Amino acid sequence: MVKNTLMEIYDKMSAAFGPRHWWPAESDFEVIVGAILTQSVSWKNVEKAISNLKAANLLSVDALLTVDKDKLTGLIKPTIYYNQKALKLKNFCNYIKHNYNGDIYKLFENDIWQMRKELLSINGIGPETADSIILYAAKKPIFVVDAYTRRIFSRLGFFPNNVTYQVMQDLFMKNLPPNVELYNEYHGLIVELGKAYCKKNKPLCTKCPINTHCLWMTNKNDQVNVTG
DNA sequence: GCCCAGGGGGCTC
DNA sequence: GAGCCCCATGGG
């Protein structure tokens, strides 16, 4: 039964890593900025950028809207793609300014799927970023899927490696209760497990706390080979 | 020098 | 809707 298996995996990861208590940020707005900056970048790089923005007192909708674009790109340089991301930050702030008078909490008053629809309409915000904002900033129960989720759970045999985002998200949301704390921890634990034991192009490690659930993986393309 | 890290947009067919 | 390229730093 998928439901039980998902909870067993959760319990094992939780026992191995302890509570994650994501997202590491001082404010909900900082969560949003981090969600945009972390796209395809390790969190370490994002920390530097956030720290730069904080020092420049730019962690607000109005500040990000008025700051010179070149200055902004300079501050977020550690996060790669800084030109694109500077625009993305401004796009988001622009949307909030014009539709919610600059108040992100007015956006949060929408129901989950309406909020998701609006976020996805903003250039620079895709499924993972939107869902991270909804779960970790708005604190509403939506399951965040990422590259680690795909890699780990395809290796576990839940779905093929080329599965879509939506199919993955549906699996978790149909089999887990809509609980913000649970979704928060589950995604955080997946990332932790992924970083420690499920690297790209490398087989799952025997020390992995959920290896009893694993189908063994041997070749470079993350294809799953069943060995029992 | 090489690979990769908590994606998304835009284009092609 | 899948497949591909672009973006372009910093650490191991």
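Just so we're on the same page: letters track the sequence lines, and every chain starts at 1. Scope of the values below: all heavy atoms of this structure, side chains included, with no hydrogens, waters or symmetry mates. These numbers come from a predicted model, not from an experiment.
The residue N83(A) sits close only to the backbone: its heavy atoms come under 4.0 Å of sugar-phosphate atoms, none of a base. Across all strands, K48(A) comes closer than 4.0 Å only to sugar-phosphate atoms, never to a base (heavy-atom distances).
Heavy-atom contacts of chain A under 4.0 Å fall on DNA chain B between two terminal nucleotides, which in 5' to 3' order are dC4(B) to dG10(B). Reading DNA chain C from its 5' end, the first and the last nucleotide to sit under 4.0 Å from a heavy atom of chain A are dC7(C) to dG11(C).
Aromatic pair Y186(A)/Y183(A): ring centres not closer than 6.0 Å. Checked against the 6.0 Å centroid criterion, the rings of Y105(A) and Y100(A) do not qualify as a close aromatic pair. Between W23(A) and W43(A), the gap from one ring centroid to the other is short of 6.0 Å.
Each of V41(A) and K44(A) lies near DNA chain C, and the nucleotide nearest V41(A) is the one positioned closer to the 5' end.
Between the N91(A) side chain and the I122(A) main chain, no donor and acceptor come within less than 3.5 Å of each other. A distance-only check finds no donor-acceptor pair linking the side chain of N175(A) to the backbone of V2(A) [under 3.5 Å].
Here K195(A) pairs with Y148(A), V191(A), E192(A) under the side chain to side chain contact (heavy atoms under 4.5 Å, CB included) rule; sequence neighbours left out. Residues satisfying the side chain to side chain contact (heavy atoms under 4.5 Å, CB included) test with S40(A), not counting sequence neighbours, are Y81(A).
The shortest side-chain heavy-atom distance between H187(A) and R20(A) does not fall under the 4.5 Å cut-off.
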- Per-residue pairing states of DNA chain B in dot-bracket (Watson-Crick or G-U under 3.5 Å; . unpaired, | other strand) read .||||.|||||||
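Listed by residue number, there are no residues of residues 114-150 of chain A with a heavy-atom contact under 4.0 Å to DNA chain C.
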